[in-house]
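These figures come from a predicted structure and were not determined experimentally. Atom set for the values below is all heavy atoms of this structure, side chains included, hydrogens, waters and symmetry mates excluded.
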Amino acid sequence: MSPIIARPRLTTLIILSALAVLPVNMFLPSLPNIASDFSAEFPVVNLSIAGFAALAAAVQLVAGPLSDRYGRRPVVLVAVSIFVAASVACALASSIEAFLAFRFMQAAVAAAYVVSLAVIRDLHDERQSAATIGKVAMVWAVAPMLGPTIGGLLDQVFGWRASFVAFAVLGAAALALSAVDLAETRQRRSLSTVGQLRAYRSILSSSRFWAYALCIGFSTGTFYAFLGGAPLVAAGLLGGSTAVLGLYMGTITAGFVLGSFLAGRYATSYSLGAIVLVGPLVSCAGLVTGLILHGAGATHVAAFFGPCVFVGIGNGLTRPGATAGSMSVRADLAGTAAGLTAALAVAVGAMVSSATGVVLDETNPRFGLLAMMLASALLAMLAAACAVCLDRNSAAQHPDGPRPSVDPGKPRGAGPS
């Protein structure tokens with residue numbers, strides 16, 4: 001008989017996921033004040049954003065395998081503890097060097113996102129995992145929407161250090177909640193470093209993993225391209241109003257929340273492949289509409305931002321199912337797969353964003369941005385279609401039982417012992 005696995009509350013996983021993304025941009029409005037306080041050049045202070053993002057991706061790569069080897073609970077408790085300590089140190093920093101060092105340590109909290117996904121996969125099958133991830137994403141996606149507003153208010157009333165005091169308080173609350181509620185869900189753990197290396201090889205050699213991971217990556221790429229190019233497009237449409245720009249920029253995140261809600265609502269009613277494939281189709285439909293409106297001469301700001309909302313909806317639909325699919329390649333190594341998937345999403349998204357920056361032309365940024373976003377969405381759709389085909393082939397080869405946790409033809413015993 002299988003052991004009974006304790007189930008943490010969904011609220012705990014939502015809080016941990018939100019805590020992992022909130023520090024990315026909450027203190028953005030404070031960057032000029034931080035530069036002034038430390039008498040530092042703005043590009044140096046800006047490392048607190050770029051460096052944090054790079055280290056967060058590295059943490060995700062490491063945290064997943066660690067949670068497979070040592071368990072979900074200890075990785076979360078250690079990561080959040082480091083985050084709390086680093087947040088306090090940031091608030092007390094007396095030099096830009098110390099501030100940046102402790103800011104980079106805050107990136108440890110990225111482990112909470114990866115481990116939360118792994119916990120969900122430990123507790124549920126593929127479809128239910130997609131539905132649960134959709135519910136979690138619907139809530140934590142609000143964090144980066146509200147973060148800069150909260151950070152700006154704290155800065156205005158108490159100064160920039162208040163944001164890091166808030167991080168410490170929120171981290172301490174999440175740590176206490178995790179200590180009480182986050183029981184261990186990882187029942188079988190790898191026993192050696194060699195086994196961990198085999199886990200990476202097993203997952204990276206899986207065509208199903210790459211199909212789902214690249215689907216997430218190129219879907220993320222459409223969002224990254226939008227973030228980098230939308231301000232340039234909006235400059236000619238909004239007359240330089242940054243307040244209105246911020247409002248419109250939030251529409252794509254609102255679309256993501258809606259898409260995540262739909263994924264959570266319907267993931268258990270339809271096949272995983274159908275949900276994953278519909279997402280890029282929605283994104284492509286919106287972007288094609290945007291190009292048609294541009295070609296027709298529509299100049300209203302809604303003619304650009306309106307179609308982009310569908311990119312958010314498409315990403316919200318795609319990410320939960322594709323994440324569940326990538327972790328199901330080796331369900332016993334969900335943490336490793338979640339870390340690899342998250343890191344690849346950042347890497348592919350950054351690549352698309354960089355390519356968009358090269359392609360954009362100030363004389364016609366709207367067409368260039370929509371075209372690059374459409375190209376990324378089409379690649380996501382191609383990856384999703386490959387994932388669907390691989391799933392169908394696997395199901396055809398195993399009609400009397402569940403799909404194996406590795407690609408057809410791969411030995412079941414491959415991986416950590």
Side-chain angles (χ1 to χ4, degrees), residues 17 21 53 57 60 113-114 117 129-130 133-134 136-138 140-141 144 208-230 249 251-264 266-267 272-290 307-328 337-338 340-356 369-388 390-391:
S17 299
V21 298
Q60 290 171 334
Y113 171 74
V114 170
L117 296 178
S129 292
I133 293 171
V136 171
M138 180 179 64
W140 68 247
R208 283 186 64 236
F209 170 80
W210 281 104
Y212 280 118
L214 287 176
C215 180
I216 295 174
F218 285 114
S219 294
T220 302
T222 60
F223 180 64
Y224 276 37
F226 173 82
L227 290 179
M249 289 284 285
T251 58
I252 193 169
T253 307
F256 181 87
V257 172
L258 175 58
S260 299
F261 167 77
L262 294 173
Y266 295 107
L272 191 70
I275 297 293
V276 171
L277 189 56
V278 165
L281 284 171
V282 171
S283 296
C284 288
L287 292 167
V288 168
T289 301
C308 288
V309 172
F310 289 91
V311 174
I313 296 173
N315 286 359
L317 283 166
T318 298
R319 193 166 189 121
T323 300
S326 69
M327 290 192 294
S328 296
L340 283 170
T341 302
L344 281 170
V346 172
V348 175
M351 179 187 69
V352 173
S353 179
S354 299
T356 302
L369 178 57
L370 289 171
M372 284 300 297
M373 291 174 68
L374 179 60
S376 189
L378 286 171
L379 289 172
M381 185 166 63
L382 177 62
C386 290
V388 170
L390 290 168
D391 283 348

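Taken from CG in Leu258 to OG1 in Thr251, the straight-line distance is 12.5 Å, to the nearest 0.5 Å. Summarising the geometry, atom CZ belonging to Phe261 is positioned 11.5 Å from atom CG belonging to Leu317; distances are rounded to the nearest 0.5 Å. Distance check: Ser260 OG to Ile313 CD1 gives 10.5 Å after rounding to the nearest 0.5 Å. How far CZ of Arg208 is from SG of Cys386: 13.0 Å, rounded to the nearest 0.5 Å. The OG1 atom of Thr220 sits 11.5 Å away from atom CE of Met351, with the distance rounded to the nearest 0.5 Å. One distance of note links OG1 of Thr222 with CG of Leu370; it measures 11.5 Å at 0.5 Å rounding.
Nearest heavy atoms, Cys215 versus Ala384: SG-CB, 3.8 Å. Taking all atoms of both residues into account, the shortest heavy-atom contact from Gly290 to Pro307 is CA-CG, 3.6 Å. Between Pro280 and Ala377 the shortest heavy-atom distance is CB-O, 3.9 Å. The minimum heavy-atom distance linking Val346 with Ala57 is given by the pair CG1-CB, 4.3 Å. Nearest heavy-atom pair, Ile133 versus Pro320, reported as atom, atom and distance to 0.1 Å: CG2-CA, 3.7 Å. Closest heavy-atom contact between Cys284 and Leu378: SG-CD2, 3.7 Å.
Counting non-hydrogen atoms of neighbouring residues, nucleotides and ligands closer than 6.0 angstrom, the CZ atom of Phe310 reaches no more than 12 such neighbours.
The side-chain contact (heavy atoms from CB on, under 4.5 Å) with Gln60 is formed by just one residue from the set Val114, Leu340, Leu117, Leu344; it is Val114. None of Leu390, Asp391, Thr318 except one satisfies the side-chain contact (heavy atoms from CB on, under 4.5 Å) rule with Tyr212; the exception is Asp391.
Looking only at distances, a side-chain donor or acceptor of Asn315 sits under 3.5 Å from a matching main-chain atom of Ser219. Side-chain atoms of Thr341 do not come within 3.5 Å of backbone N or O of Ala213 as any donor-acceptor pair. Using modelled atom types, one side-chain atom of Thr356 and one backbone atom of Val352 make a donor-acceptor pair closer than 3.5 Å.
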Derivation of the side chain to side chain contact (heavy atoms under 4.5 Å, CB included) call for Ile216 and Thr323: CA-CA 7 Å; Ile216 295 174; Thr323 300; 3.4 Å; yes
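Take Ala130 and apply the side chain to side chain contact (heavy atoms under 4.5 Å, CB included) test, not counting sequence neighbours, and it matches Ala267, Leu272, Ala324.
Residues Phe223 and Val311 fail the side-chain proximity criterion, which asks for heavy atoms closer than 4.5 Å.
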